[in-house]
Amino acid sequence: MSRDHVQSAERTDAEAAAGALTGAETPFLQLLARGASADAYEQPVLLARAEGRSAEAIAALEHAKLLALRVRAELEGRRRREAELSALFETAHDLAGLRDLDAVLQAIVQRARSLLGTDVAYLSLNDPERGDTYMRVTEGSVAARFQQLRLGMGEGLGGLVAQTARPYVTDDYFEDDRFQHTHAIDAGVRDEGLVAILGVPLMLGHHVIGVLFAADRRARVFEREQIALLGSFAALAAAAIDTANLLTETRSALAGLERANEIIQDRSAVIERASDVHDRLAELVLRGGGVHDVAAAVSQVLDGTVEFTEAGDAPATPLEASRAEGHAVRHEDDWIAAVAAGGELLGALVLRGHPGLDPVDQLTLERAAMVTSLLQLARRSAAEAEQRVRGELLDDLLDARDRDPRLLRERASRLHADLDATHVVLAARLDGTAPDADQEAAARRRLWSAASHLAATRHGLAAARDGGTVLLLPLAPGDTATDVARRTARQLGTAVHEAVTVGASAPVQDLAARPDTAAAAYAEGRRCLDALRLLGRPGDGAAAEDFGFLGLLLAGDRDIAGFVDRTIGRVVAYDERRGTDLVHTLDAYFTCGMSPARTKDELHVHVNTVAQRLERVGRLLGDDWQDPARALEIQLALRLHRLSARAQH
């Protein structure tokens with residue numbers, strides 16, 4: 001075969017491989033579009049192998065499959081979170097227009113079972129008159145004896161939840177000895193075939209009025225998010241019961257009082273106002289409003305000023321009392337309602353200058369706080385999802401796993417980042433020492449969270465790496481790598497309340513086209529970080545240019561010209577402008593052991609001429625130019641300048 005024929009065949013194979021790479025993602029996009037199962041993503045690869053496609057084409061399909069499965073998992077996670085929030089909002093809306101308590105509780109149990117994916121969900125309530133607990137609502141139960149269980153107070157898993165007012169979970173009910181087993185309870189659970197059970201308390205103030213359960217007929221580990229979700233449903237169920245109790249008390253009072261008509265009109269107006277605000281809040285949430293929108297809406301209804309504040313800005317004692325009791329608490333002329341979820345304090349709603357508050361208006365403020373907590377959780381979930389996506393993109397850049405510039409740019413664009421701009425890679429690490437591994441891990445999470453927030457506001461990226469955090473931040477006009485490093489160290493330190501040391505790379509470009517650039521820049525940033533710590537400068541930020549001749553060792557690109565310019569650039573420029581010979585004089589001065597007398601012999605000039613030239617050098621370089629450390633840098637710069645001049649000639 002001729003050489004031309006061989007080259008033609010090679011071009012054909014290359015073109016075919018390029019076509020395979022270009023179209024590799026098409027079948028997986030079609031699978032994503034129709035919501036296919038994960039197993040279906042193997043079919044395009046198997047079909048390509050069966051057709052005898054090239055190894056490059058099959059590799060491209062494998063790569064596209066992994067990306068598609070990652071996108072599918074992210075979409076599934078978002079759909080799941082959207083379904084959870086939608087169910088909570090729908091339940092809150094049901095509560096706002098409460099008409100039938102049984103229907104609301106049944107809806108809560110059904111949604112809890114559906115979202116947690118359990119075989120059974122049920123709700124039990126305490127009976128103060130009989131001194132026991134009974135099943136109120138069940139979903140998915142098939143055993144009659146289980147549905148009719150009445151338990152003595154303190155018995156079973158529910159008794160443990162009621163005693164401690166905390167969620168409890170068991171992955172094997174019959175092997176768990178933390179709670180009291182009884183024949184009646186065990187028989188009912190055995191009839192139902194339950195194995196793994198999660199129970200969360202229904203709280204009114206600091207009193208447990210019942211327990212909401214989710215259970216499976218097989219061993220299962222419930223995740224923290226699932227426990228928090230069931231706790232949110234329990235809070236809604238308790239609110240529904242509380243509202244129903246208020247309605248019952250109102251109706252009973254109407255039946256026994258002479259002024260029934262006046263009372264019912266007054267109560268009806270107040271309740272209608274509460275229902276109206278709940279409807280407005282539900283509509284606001286579904287429309288995508290924020291916590292300050294909720295405060296504004298409640299301000300109009302309560303005819304006062306309602307503000308959302310961070311937990312640290314609210315009075316500590318009434319805020320803690322509100323969280324413990326589950327009710328708004330009066331503080332001087334204000335009312336404070338804690339915004340909390342799953343035991344975590346997220347902030348507070350504060351009604352200003354309104355000492356007299358109707359009980360139903362107080363309930364409205366409390367319900368608004370509950371809706372605010374849901375919004376805060378939703379915002380946090382969205383922020384955490386964005387942080388993960390930013391971290392994954394930066395990990396891909398650092399590990400050079402994804403070399404498709406177009407795909408990298410698209411992923412960055414969705415995060416409002418521009419990989420074609422000039423960036424600085426920064427390595428950040430906490431300088432404090434935590435007393436144990438758990439506290440150290442928590443401190444690292446705080447650092448990563450603060451870095452992610454900073455990256456999002458600066459249109460950059462951040463990821464946890466090597467026991468610290470790495471950031472990719474754009475370089476603003478007029479900024480230097482040193483400016484970015486010091487500012488980042490200060491901002492992160494303020495955010496985490498600890499000293500944070502930051503090392504920066506030199507400015508880098510073309511990150512999408514050359515992914516390996518990011519890895520090299522990160523290595524340079526880490527070397528600067530290690531140098532700062534060795535020099536005893538915790539909480540500071542620096543780039544290689546800040547370390548003098550040591551910067552030549554730290555910098556990834558060995559910026560010799562930059563070092564020479566920073567060290568003796570003013571002397572070189574003076575010679576070029578004035579036609580003087582200060583550089584040669586300075587070189588001779590160091591060669592002669594810094595002796596003016598020997599220098600004048602070397603240059604064949606008068607000693608006064610040497611003194612005048614050295615005085616001019618001092619004015620250009622500063623009074624400390626003959627200090628040992630500066631002198632060493634200047635001598636190195638002179639030698640590098642001389643070598644550079646020889647190379648040019």
Side-chain angles (χ1 to χ4, degrees), residues 478-486 501 503-507 524-525 527-649:
D479 263 358
T480 66
T482 300
D483 296 333
V484 177
R486 289 176 177 169
T501 306
S505 72
E524 179 180 335
R527 288 194 294 271
C528 290
L529 171 64
D530 292 338
L532 283 172
R533 302 179 78 181
L534 288 172
L535 293 172
R537 293 167 57 184
D540 199 358
E545 63 186 23
D546 301 311
F547 293 95
F549 73 90
L550 290 177
L552 295 177
L553 306 176
L554 299 173
D557 58 359
R558 302 294 188 268
D559 184 14
I560 294 175
F563 169 73
V564 172
D565 183 65
R566 289 191 299 272
T567 308
I568 62 171
R570 299 184 67 182
V571 177
V572 173
Y574 187 89
D575 278 351
E576 292 175 351
R577 288 195 311 270
R578 304 292 182 89
T580 54
D581 204 15
L582 297 183
V583 172
H584 182 51
T585 301
L586 194 57
D587 198 5
Y589 178 66
F590 283 117
T591 301
C592 295
M594 302 176 70
S595 167
R598 293 171 56 189
T599 303
K600 61 99 176 173
D601 294 336
E602 175 71 19
L603 298 176
H604 305 291
V605 297
H606 194 275
V607 68
N608 289 340
T609 302
V610 173
Q612 291 171 0
R613 292 179 181 179
L614 294 180
E615 182 181 358
R616 173 63 62 182
V617 168
R619 286 199 293 269
L620 293 172
L621 298 184
D623 294 338
D624 63 341
W625 70 276
Q626 297 190 75
D627 290 350
R630 281 290 307 279
L632 178 61
E633 291 187 1
I634 293 171
Q635 291 177 71
L636 177 59
L638 287 168
R639 178 165 297 187
L640 292 173
H641 177 67
R642 186 166 59 250
L643 292 174
S644 175
R646 289 176 184 173
Q648 292 176 2
H649 293 295

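The residues of the chain are indexed from 1 along the displayed sequence.
By the 6.0 Å contact criterion, CG on Asn608 is enclosed, its count of non-hydrogen atoms from other residues, nucleotides or ligands being greater than 12.
When every heavy atom of Gly478 is checked against every heavy atom of Asp483, the shortest pair comes out as O-OD2, 4.1 Å. Of all heavy-atom pairs between Ala504 and Ala485, the closest is CB-CB, 3.7 Å. Taking each heavy atom of Thr501 and Gly539 in turn, the nearest pair found is OG1-N, 3.0 Å.
Rounded to the nearest 0.5 Å, atoms OG1 (Thr585) and CG (Leu614) are 7.0 Å apart. In this structure, the separation between CG on Leu582 and CG on Asp587 is 12.5 Å, given to the nearest 0.5 Å. Residue Leu586 holds its CG atom at 11.0 Å from NE2 of His584, rounded to the nearest 0.5 Å.
Here side-chain hydrogen bond (donor to acceptor under 3.5 Å, both in side chains) pairs that include residues 568-582, with residues two or more places apart or in two chains, are Tyr574-Arg578, Tyr574-Arg616, Asp575-Thr580. Sorted by first and then second residue, the side-chain hydrogen bond (donor to acceptor under 3.5 Å, both in side chains) pairs with a member in residues 589-602 read Tyr589-Gln626; sequence neighbours excluded.
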